[in-house]
Each structure stands twice: as structure tokens, then as C-alpha cells.
Peer 1: 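Supplied in C-alpha cells, the structure appears directly below.
No experiment lies behind these values; they were computed from the predicted model shown.
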Amino acid sequence: SDDAPGCEPYRKMLALHSRALAMASEPKGDVDADDTEDAHALVTSTNHVMDGVCALFVNVAAKRKATLAKLLTRMGGVAVEVDDEQGEVTHVIASDDNIVLAKAMDDLSDDVIKVNLEWITACFKQSSRLSESDYAPRAHVAALPEIPHIDDMSQSVSTTNNAMAPVERKSSQAKRASALMLKGAHGEAIWTSDFVDNEKLEKRREFFVCQPNAYTEKKLVMECNTKVADILAELGEIYKSALRDEYRGKQYNQAANALRALNFEVTSTDQCDSIPMLSKKTSKIRKYVGEILSFGKLKALDEMKQRPDVKACLELTGVHGIGPVTAHKLFLKGYKSVADLRRAPKGTLSEPQSIGLKYVEEFKERIPREEVSVLATAVREAANTFMDDKVHCYCVGSFRRGRSSSGDIDVLVECRDESCMTDLLMHILNDLRPGGKSPRSGILTDDLLVGDVTYMGVARLQRPLDDSDTKPPVHRRMDIKIYHSAQLPTALLYFTGSMRFNRSMRLWAKLKGFNLQDKGLYADREQVEMSRIS
DNA sequence: GCCC
DNA sequence: CAGTACG
DNA sequence: GGGCCGTTACTG
């Protein structure tokens with residue numbers, strides 16, 4: 001997924017969005033800047049720039065809409081939620097990259113002015129009302145088919161826009177908004193996903209781990225370059241956990257994974273050419289690969305491992321709840337090891353971190369499949385004592401992928417009644433906590449986080465699986481999540497993973513014009529609720 | 001650290 | 001709301 | 001030189 005070349009358009013789209021966000025939030029910084037007099041002048045000069053503007057944001061993500069609306073209001077304009085046909089809307093504001101909208105806006109009457117998001121921020125920066133025509137939303141439909149192909153069955157899901165439209169529109173407000181923006185020739189709903197260039201996307205299919213292809217099989221069989229990869233990954237881990245350089249660490253890890261995925265052994269740096277990120281002769285990681293091939297080790301890594309701060313932070317981040325930043329802060333306070341932390345005064349660590357500390361060693365142990373099964377079954381049994389309703393539970397994560405051991409236990413609970421999801425969770429917790437009268441009482445030993453529909457905590461078997469085992473059962477990380485039936489399919493998909501598979505699948509969905517989340521699949525990239533596919 |  | 005941790 | 005996964009839900 002990370003290496004899929006098909007991600008550029010999406011990256012660009014994201015870049016556009018974040019730029020818009022950055023610009024939108026900028027004024028606050030400006031006003032707070034040192035030169036208050038200028039800042040004041042700026043505020044007054046932009047005060048009336050948008051007088052008389054009544055804007056309707058269409059198909060703009062909620063967060064961005066809020067930011068821009070605030071900015072608009074500061075400049076004297078008004079943002080409305082619905083076009084209530086009183087003709088008060090003067091401007092329709094949409095993003096450049098929204099294909100559907102750009103298309104639908106062609107059909108809009110000329111008495112509203114169509115502009116992109118940049119217009120607002122540009123006007124603010126220039127302190128004047130800029131020409132709307134310079135900021136007309138750009139449509140990128142030219143290269144795409146006017147009418148979606150329905151010739152290929154594998155793509156039909158993404159191109160359906162007829163009577164059997166998969167789209168369920170929710171609120172009346174959503175309907176109203178869609179009346180404005182989704183004027184298809186026959187009044188049908190049209191979404192971003194209807195305009196995807198599937199032919200082009202098809203060529204990239206092989207690069208996605210979420211798609212059936214040869215790449216997946218290759219990876220299962222081969223185990224090459226593990227030595228080089230392990231060293232690079234170790235360096236990556238140090239950058240991420242000890243040096244708080246997330247992105248540098250990520251590069252090392254990505255390079256390590258790419259080398260592991262190769263189906264041949266690399267014996268010279270020239271063989272790195274097939275890996276995009278290592279293909280440049282000047283690549284630093286490529287040089288490191290050469291050094292490892294020649295000497296079997298990496299000087300930079302060995303030196304790094306000698307550093308006391310690195311040693312300390314690596315050990316401290318091993319505690320659940322302590323990340324790179326907290327580890328560094330603790331190091332500066334003089335804590336250099338888990339043993340030091342155990343001597344720390346109460347209050348040094350947060351409650352969840354203290355629990356993480358209590359079980360550091362135990363949490364690092366893998367959980368045998370059999371034990372995952374037993375503990376998850378306890379959750380299912382607890383859930384099924386709730387209101388006589390047959391509650392379905394799924395043990396997800398690596399267990400559901402068939403792994404023989406797992407790092408933690410992840411249980412997904414389906415609740416048919418949206419109104420009692422929290423009750424169900426509380427019922428399960430009470431059943432499993434110590435001191436109760438259920439046969440499962442005491443399975444949960446500690447809580448890390450108790451939310452409305454989310455639980456993160458600690459569980460352990462009441463007695464060893466093997467009767468002859470005298471050691472007490474190991475404490476395990478356990479998560480329980482309650483999902484409403486409507487959200488279950490995508491929740492299952494999401495929590496079954498793997499993470500890499502998920503990221504690939506989400507990207508694939510994005511490029512298809514969909515938006516895949518744990519709570520649902522949406523036919524449009526951004527406007528979430530109204531394009532929900534039921 | 002690498003890509004755009 | 002920013003910072004943090006997580007999968 | 002800016003951006004780098006998206007989301008959830010906590011803490012402060």
C-alpha cells in the first residue's frame with residue numbers, strides 16, 4: 001500500500017486540503033502576532049470584505065467547513081447550512097478536486113456564484129474581495145468517461161447510479177443539499193465514485209495488498225534479506241521511539257519491509273534499483289545497505305545503541321502508555337529504566353501507564369491461539385446474559401486472520417439496539433470484573449480506558465489452560481468494542497486487518513471514489529452521512 | 001529520510 | 001483544543 | 001521546504 005504508485009492523486013488531494021486548512025487557520029496566528037497594531041489594522045480591513053455574501057458550502061468536510069465558515073463570518077459574510085429556496089444564497093463554495101460537484105455545478109443557475117475554497121482564504125490574505133471568476137472550482141472530468149462504464153462486473157458496484165442506487169440519503173437537510181448538487185440527467189444521485197477512471201485504476205491493482213494478485217503469494221514464500229532488513233528496522237525503531245523522529249524512522253522501516261518483500265537476495269546495492277525509495281544512487285539508506293553487505297553491521301546503529309538516552313527511551317517506550325515524548329520527558333527527569341520507574345513516586349505516571357508498568361513483561365508475551373479463544377469466549381458468554389437477546393461476538397484481529405498466536409485480544413460485540421450499546425458494554429464488564437457472582441468473575445483485572453462503547457483493559461485466565469501448570473496465568477491486553485448492526489460489516493473488515501491490508505484497502509477505496517471507515521462505506525470522498533451505502 |  | 005498513544 | 005494514515009479517545 002505505502003509503495004503503491006497509484007497514490008499520487010490522493011496525496012495531491014490531501015495536500016490541497018491541508019493547504020486550505022493551513023491557510024484558513026493562519027489568520028489567528030497573524031492576529032496574535034507580535035505587531036498588534038498591524039494585526040488590528042488587518043482585522044478591521046477585512047471586516048467587511050464579505051459583506052452581502054451568503055455562502056453555502058457543498059460537499060465540504062465538516063471540519064474544514066467550520067474553519068472556513070468562521071473565517072467568512074469574520075469578514076462580514078454569512079454561511080448557511082441549507083439552500084432553502086428563498087434565493088438568499090449568493091455563493092456556492094466547493095473544493096476544486098470534487099469531480100461530482102464540479103460536474104453538477106455546471107447545471108446550476110447563474111444567479112449563484114460558484115467558487116472554490118481558496119477564494120475565502122485568498123480574499124482574507126489580500127484583504128479584499130477577489131474576482132470570483134479566478135476562483136471557479138476546477139473540474140477534472142475531462143479525462144474521465146462522461147457516463148460510467150458498466151461493462152465490467154467487478155466494477156459495477158462503483159458505477160451503479162440507476163434505480164438500484166446503493167445510496168441511502170438520511171436527513172431532509174441532506175436531501176435538500178443533494179437536490180442542489182447532484183442533478184443527474186434523470187434526477188439520480190451521482191457520487192464521486194461514479195466518475196472514477198477504472199481503466200487506469202485497474203492497471204495499478206497488482207500493487208495493492210488488498211487485491212488478489214501474484215505479489216501476495218510471492219511474499220508468503222520468500223524470506224530474503226532478513227539480516228539487512230532487521231538492522232534497518234532496528235535503526236528505524238530507534239529514530240521513532242527514542243529520538244522522536246517519526247518520519248525518519250518510518251523511512252527505515254519502509255526500506256526494511258521493501259527488502260523483506262523482495263523475492264531474491266540482495267548482494268549488491270545495484271539490486272536496490274527495483275525499490276523506488278532506494279533507487280537513487282544518493283540514497284542514504286542505500287549506502288547503509290552497502291555497508292551492511294560489506295561489514296555485516298552498521299556503525300551508525302552501533303553508536304546509536306551506546307547512547308544512554310537511546311537505551312533509556314527504548315526501554316521506557318516498552319511500557320504500554322508511554323510513548324516517545326513521555327519517555328523523553330521521563331529520561332530528562334532522571335528515569336533511565338523500568339526499574340527506575342518502579343521506584344518513582346506515585347503520580348509520576350498516569351493511571352493507565354502505571355498499569356502498563358505493572359505488566360510490562362507480561363504484555364510483551366505472545367498469547368497462544370487457544371488462550372485467545374478461551375478469553376474471547378468469556379466475553380461472548382458475558383454478552384449473552386444481557387437481556388435474553390442473542391448477542392453476536394467476534395474475536396477479530398490476528399486471531400480472525402488465523403494466526404497461531406496474538407499480541408492482544410480484540411473482541412467486537414454486535415448490538416442490534418442502538419439505544420443500549422453502553423448498557424451492554426457495562427453489563428459485560430460487570431460480569432467479568434472481580435467480585436461479581438458470574439462464573440467468569442475476575443477475568444478482567446484492570447481497566448485502562450472505559451468509554452461509552454469502547455473498553456481497553458487487562459484480562460487473564462481464571463486458571464491455567466493446562467492443569468499441571470502451576471504458574472499463574474499471564475495478564476493480557478484486551479479490547480472490547482460495541483458496534484451497532486448497521487456498522488458491523490465494515491467494523492469487522494476494519495478490525496480484522498491487518499493494518500497494512502486496511503491501509504491498502506482504504507487507499508483502493510479512495511481511488512475508487514469511495515470512503516471506507518470502520519463505521520461504513522461511503523460513495524463519496526468526503527460528505528459522510530448522506531452518501532452512506534446501506 | 002525520501003518525495004514532490 | 002493541543003498533545004499523546006494506538007492499530 | 002512542506003508533508004508524510006486516519007481515527008478514536010483519552011489527558012491536561
Peer 1: Does A:Ser350 have a side-chain nitrogen or oxygen under 4.0 Å from the phosphate oxygens OP1 or OP2 of D:dC10?
Peer 2: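 It does not, given that no N or O in the side chain of A:Ser350 lies less than 4.0 Å from OP1 or OP2 of D:dC10.
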Peer 1: Using Watson-Crick or G-U wobble pairs with both distances under 3.5 Å, give me DNA chain D in dot-bracket, 5' to 3', with [ ] for crossers and | for pairs to another strand.
Peer 2: ||||||.|||||
Peer 1: In whole angstrom, give me the gap between the P atoms of D:dG3 and C:dG3.
Peer 2: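 D:dG3 and C:dG3 have their P atoms separated by 15 Å.
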Peer 1: Check the distance between B:dG1's P and A:Tyr288's OH and give it to me in whole angstrom.
Peer 2: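 Rounded to whole Å, this separation is 6 Å.
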Peer 1: Show me the pairs that pass ring pair (Phe, Tyr, Trp, His ring centres under 6.0 Å) and involve residues 347-379 of chain A, at least two apart or across chains.
Peer 2: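 For residues 347-379 of chain A, and leaving out neighbouring residues, the ring pair (Phe, Tyr, Trp, His ring centres under 6.0 Å) pairs sorted by first residue read A:Tyr359-A:Phe363, A:Tyr359-A:His475.
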Peer 1: Measure CG/A:Asp447 against C1'/D:dT11 and give the value in whole Å, please.
Peer 2: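 Rounded to the whole Å, the gap is 17 Å.
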Peer 1: Does the side chain of A:Glu351 come under 3.5 Å of the side chain of A:Ser354 through a donor N or O and an acceptor N or O?
Peer 2: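 Looking only at side-chain atoms, A:Ser354 and A:Glu351 do not form any donor-acceptor pair under 3.5 Å.
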Peer 1: Provide the distance between the two C1' atoms, one in D:dT8 and one in B:dG1, to the nearest whole Å.
Peer 2: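 Looking at atom C1' only, D:dT8 and B:dG1 are 29 Å apart.
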Peer 1: Rounding to an integer number of Å, can you tell me how far A:Arg248 CZ sits from B:dG1 P?
Peer 2: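 The distance from CZ of A:Arg248 to P of B:dG1 comes to 4 Å, rounded to the nearest Å.
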Peer 1: Considering non-hydrogen atoms only, spot the tightest contact between A:Ala339 and A:Glu315 and give its length.
Peer 2: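 Distance-wise, the nearest heavy atoms are N-OE2, 4.4 Å.
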Peer 1: Go through the structure and list residues passing ring-ring contact (aromatic ring centres under 6.0 Å, His included) with A:Tyr455, not counting sequence neighbours.
Peer 2: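 Listed in chain order: nothing, the list is empty.
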Peer 1: Please determine if A:Arg400 forms a cation-pi arrangement with A:Phe495, meaning its NZ or CZ atom is less than 6.0 Å from the six-membered ring centre and no more than 45° off the ring axis.
Peer 2: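 No; the conditions do not both hold, so A:Arg400 does not lie above the ring face of A:Phe495.
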Peer 1: Provide a list of protein-nucleic acid N or O atom pairs under 3.5 angstrom, restricted to nucleotides 5-7 of chain C.
Peer 2:
from: C:dA5; atom 1: OP1; to: A:Gly323; atom 2: N; distance (Å): 2.3
from: C:dA5; atom 1: OP1; to: A:Gly323; atom 2: O; distance (Å): 3.4
from: C:dA5; atom 1: OP1; to: A:Thr326; atom 2: OG1; distance (Å): 2.7
from: C:dC6; atom 1: OP1; to: A:Gly321; atom 2: N; distance (Å): 2.9

Peer 1: Got a salt bridge between A:Glu361 and A:Arg342, using NZ or NE/NH1/NH2 to carboxylate O under 4.0 Å?
Peer 2: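 Yes, this pair counts.
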Peer 1: Base, sugar-phosphate, or nothing for A:Lys329, non-hydrogen atoms under 4.0 angstrom?
Peer 2: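 If one applies the 4.0 Å heavy-atom cut-off, A:Lys329 turns out to touch the sugar-phosphate alone, with no base involved.
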Peer 1: Indicate the atoms forming the closest heavy-atom contact of A:Gln353 with A:Gly321, along with that distance.
Peer 2: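 Looking at all heavy atoms of both residues, the closest pair is NE2-O, 2.9 Å.
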Peer 1: Can you check whether A:Lys250 has a side-chain N or O nearer than 4.0 Å to OP1 or OP2 of D:dC5?
Peer 2: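 A:Lys250 to D:dC5 OP1/OP2: side-chain N or O found under 4.0 Å.
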Peer 1: Should the heavy atoms of other residues, nucleotides or ligands under 6.0 Å from NZ of A:Lys481 be counted, would the total exceed 12?
Peer 2: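 Yes.
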Peer 1: Once you round it to whole Å, what is the distance between P of C:dT4 and CG of A:Leu349?
Peer 2: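 Interatomic distance, CG of A:Leu349 to P of C:dT4: 16 Å.
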Peer 1: Using the C1' atom in both, what is the distance from C:dT4 to D:dT7, to the nearest Å?
Peer 2: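 Rounded to whole Å, the distance is 14 Å.
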Peer 1: Rounded to the Å, how far apart are A:Met277 CE and B:dG1 C1'?
Peer 2: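 Roughly 7 Å, once rounded to whole Å.
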Peer 1: Just how far, in rounded Å, is C1' of B:dC2 from NZ of A:Lys240?
Peer 2: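 Checked: the NZ to C1' distance equals 18 Å.
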Peer 1: Cut-off 3.5 Å, no hydrogens considered: what does the side-chain donor-acceptor table look like for residues 427-434 of chain A, sequence neighbours left out?
Peer 2:
from: A:His427; atom 1: NE2; to: A:Thr385; atom 2: O; distance (Å): 3.3
from: A:His427; atom 1: NE2; to: A:Thr385; atom 2: OG1; distance (Å): 2.7
from: A:Asn430; atom 1: ND2; to: A:Met426; atom 2: O; distance (Å): 3.2
from: A:Asp431; atom 1: OD1; to: A:Ser438; atom 2: OG; distance (Å): 3.0
from: A:Asp431; atom 1: OD1; to: A:Arg440; atom 2: NE; distance (Å): 2.7
from: A:Asp431; atom 1: OD1; to: A:Arg440; atom 2: NH2; distance (Å): 3.3
from: A:Asp431; atom 1: OD2; to: A:Arg440; atom 2: NH2; distance (Å): 2.9
from: A:Arg433; atom 1: NH2; to: A:Asp447; atom 2: OD2; distance (Å): 2.7

Peer 1: In whole angstroms, how far is the P atom of B:dC2 from the CG atom of A:Leu235?
Peer 2: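 So the CG-P distance, A:Leu235 to B:dC2, works out to 11 Å.
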Peer 1: Expressed as a whole number of angstroms, how long is the span from A:Leu232:CG to B:dC2:C1'?
Peer 2: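 Taking atom C1' of B:dC2 as the reference, CG of A:Leu232 is at 14 Å.
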Peer 1: So, using side-chain hydrogen bond (donor to acceptor under 3.5 Å, both in side chains) as the criterion, who are the partners of A:Asp408 when residues are at least two apart?
Peer 2: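 Checked A:Asp408 against side-chain hydrogen bond (donor to acceptor under 3.5 Å, both in side chains); zero matches.
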Peer 1: Would you please confirm or rule out a distance under 4.0 Å between OP1 or OP2 of B:dG1 and any side-chain N or O of A:Tyr247?
Peer 2: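 Answer is no, no contact under 4.0 Å.
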